[in-house]
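Here's the structure, in structure tokens; my notes come after.
Numbers for residues simply follow the sequence, beginning at 1. Only this structure's heavy atoms are used, side chains among them; waters, hydrogens and symmetry mates stay out.
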Amino acid sequence: MMNNTSNNGMPIRLLSDGHTLSNGRTAQYSTNTEVLLCSPKTTLVPCDQLSSDAATHLRNVGLSPTTTECVVVSPERGGIVAVMAIERRHYEEIMSSKSEVRFTTPLLDDDISEKGCTISLYGNVLYVRIVENGLRFAEAMEIRTNSDILYYVERINSVYGICNMYARVSGNKERLSQLLKKKFKNLICE
């Protein structure tokens, strides 16, 4: 679990499916705060299809928020927004800071523009995003073991052939690199 903050506009990373801030201390937020919400309860929605009840989108994909969670929506990026669940007490703490807050997810990463995939691991959430003539696949998956990571990568590869694409890893790069370097032809660990 990690909570990175800075008064210089550095992003905050909220891990562990949005339920735990590290060591439970109140954070000091800058006036312009970006929260990277690392939660398996994340889905992408085209802006023109965003419902006024954003929780509907999570329920529609089987990720219903609990009674202790609330739903946040990211700013639009490339015609898409992320709908995410966050523990209500953390949301209230962040919003009480009186700063301008934007929530985002690794699924909105802009680093690949043509053909390739990004695989990110933050805490117990694996993110896979595939771009090929536009966004083809974007999913957040809860994982518990290395076998879970390998299983999801193999299943996604069987449909999209990601092991033959340019692939970039982020987050827990060391763990992902150890698991995936022999599977991918072109795996970049930045």
Side-chain angles (χ1 to χ4, degrees), residues 1-5 9 11-22 24 26-27 29-112 117-131 133-144 148 152 155-156 159-160 170-171:
M1 301 334 136
M2 218 156 77
N3 177 23
N4 293 336
T5 63
I12 295 168
R13 191 172 299 149
L14 182 57
L15 295 175
S16 186
D17 68 15
H19 294 275
T20 306
L21 286 169
S22 69
T26 301
Y29 303 105
S30 68
T31 56
N32 190 3
T33 304
E34 182 173 89
V35 177
L36 180 65
L37 183 55
C38 299
S39 169
K41 289 188 177 181
T42 302
T43 191
L44 299 184
V45 178
C47 289
D48 61 352
Q49 295 180 19
L50 183 64
S51 167
S52 59
D53 175 18
T56 300
H57 299 290
L58 289 173
R59 284 190 292 276
N60 288 344
V61 295
L63 301 172
S64 296
T66 66
T67 58
T68 64
E69 294 174 324
C70 61
V71 176
V72 295
V73 178
S74 74
E76 176 271 334
R77 206 178 279 172
I80 297 172
V81 295
V83 177
M84 303 162 281
I86 181 174
E87 185 70 21
R88 187 174 316 282
R89 64 188 166 93
H90 294 309
Y91 174 79
E92 290 169 356
E93 177 188 337
I94 291 167
M95 297 312 286
S96 72
S97 69
K98 306 288 190 270
S99 65
E100 182 180 321
V101 177
R102 292 177 320 281
F103 292 91
T104 190
T105 174
L107 290 181
L108 291 175
D109 187 0
D110 285 333
D111 290 349
I112 295 177
C117 82
T118 57
I119 302 169
S120 305
L121 180 62
Y122 293 96
N124 65 342
V125 185
L126 179 71
Y127 296 91
V128 178
R129 183 172 178 268
I130 302 168
V131 174
N133 298 320
L135 183 64
R136 303 249 309 145
F137 179 87
E139 191 76 36
M141 297 153 273
E142 187 169 15
I143 58 103
R144 300 211 186 285
D148 293 338
Y152 286 125
R155 296 297 300 150
I156 295 166
V159 175
Y160 296 100
S170 62

Kindly determine whether Glu69 and Lys41 satisfy salt bridge (charged side-chain N to carboxylate O under 4.0 Å, His left out), including the steps that lead there.
-> CA-CA 10 Å; Glu69 294 174 324; Lys41 289 188 177 181; 2.9 Å; yes
Evaluate side-chain contact (heavy atoms from CB on, under 4.5 Å) for Arg89 paired with Ile94, printing each intermediate quantity in order.
-> CA-CA 9 Å; Arg89 64 188 166 93; Ile94 291 167; over 6 Å; no
Should Asp148 and Leu126 be marked as a side-chain contact (heavy atoms from CB on, under 4.5 Å) after you check the CA-CA gap, both sets of side-chain angles, and the distance that decides it?
-> CA-CA 9 Å; Asp148 293 338; Leu126 179 71; over 6 Å; no
Under the side-chain contact (heavy atoms from CB on, under 4.5 Å) criterion, do Leu50 and Val83 qualify, and how do the steps go?
-> CA-CA 9 Å; Leu50 183 64; Val83 177; 4.0 Å; yes
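One distance of note links CD1 of Ile80 with CG of Leu107; it measures 10.0 Å at 0.5 Å rounding. For the atom pair CD of Glu92 and CE of Met95, the computed distance is 10.5 Å after rounding to the nearest 0.5 Å. For the atom pair CZ (Arg155) and OH (Tyr160), the distance works out to 11.5 Å, reported to the nearest 0.5 Å. Rounding to the nearest 0.5 angstrom, the gap separating the OG1 atom in Thr105 from the CZ atom in Arg77 is 9.5 Å. Here the straight-line distance linking atom CD1 of Ile130 with atom CD1 of Ile156 works out to 6.0 Å at 0.5 Å rounding. The distance from atom CE of Met141 to atom CG of Asn124, rounded to the nearest 0.5 Å, is 12.5 Å.
In this structure, the side chains of Val128 and Glu139 stay at 4.5 Å or more apart for every pair of heavy atoms. Using a 4.5 Å heavy-atom cutoff, the side chains of Met84 and Val71 are not in contact. Residues Tyr122 and Leu36 form a side-chain contact, since some pair of their non-hydrogen atoms from C-beta on lies under 4.5 Å apart. Within the 4.5 Å cutoff, the side chain of Thr68 has no heavy atoms near those of the Arg88 side chain. Contact check for Leu37 versus Thr42: no side-chain heavy atoms found under the 4.5 Å cut-off. Looking only at side-chain heavy atoms (C-beta outward), Leu44 and Val81 stay at 4.5 Å or farther from each other. Between Ile119 and Cys117 there is a side-chain heavy-atom pair separated by less than 4.5 Å.
Heavy-atom minimum distance, Ser39 versus Ala140: O-CB, 3.8 Å.
Between the side chain of Arg136 and the backbone N or O of Val131 there is no donor-acceptor pair closer than 3.5 Å. Between the side chain of Ser74 and the main chain of Thr104, no donor-acceptor pair closer than 3.5 Å is present. Although no hydrogens or angles enter the test, the distance criterion places a donor-acceptor pair under 3.5 Å between the side chain of Glu76 and the main chain of Gly78.
Remark: of the listed residues Val45, Leu63, Val73, Val45 is the sole one forming a side-chain contact (heavy atoms from CB on, under 4.5 Å) with His57.
Classified by interplanar angle (parallel below 30°, tilted 30° to 60°, perpendicular above 60°), the ring pair Tyr91/Phe103 is parallel.
Every residue two or more places apart in sequence or in another chain that forms a side-chain hydrogen bond (donor to acceptor under 3.5 Å, both in side chains) with Arg102 is listed here: Asn32. Every side-chain hydrogen bond (donor to acceptor under 3.5 Å, both in side chains) that Ser120 has, sequence neighbours left out, goes to Ser170. Taking Asp53 as the reference, Ser51, Ala55, Thr56, Arg59 meet the side-chain contact (heavy atoms from CB on, under 4.5 Å) condition, with sequence neighbours excluded.
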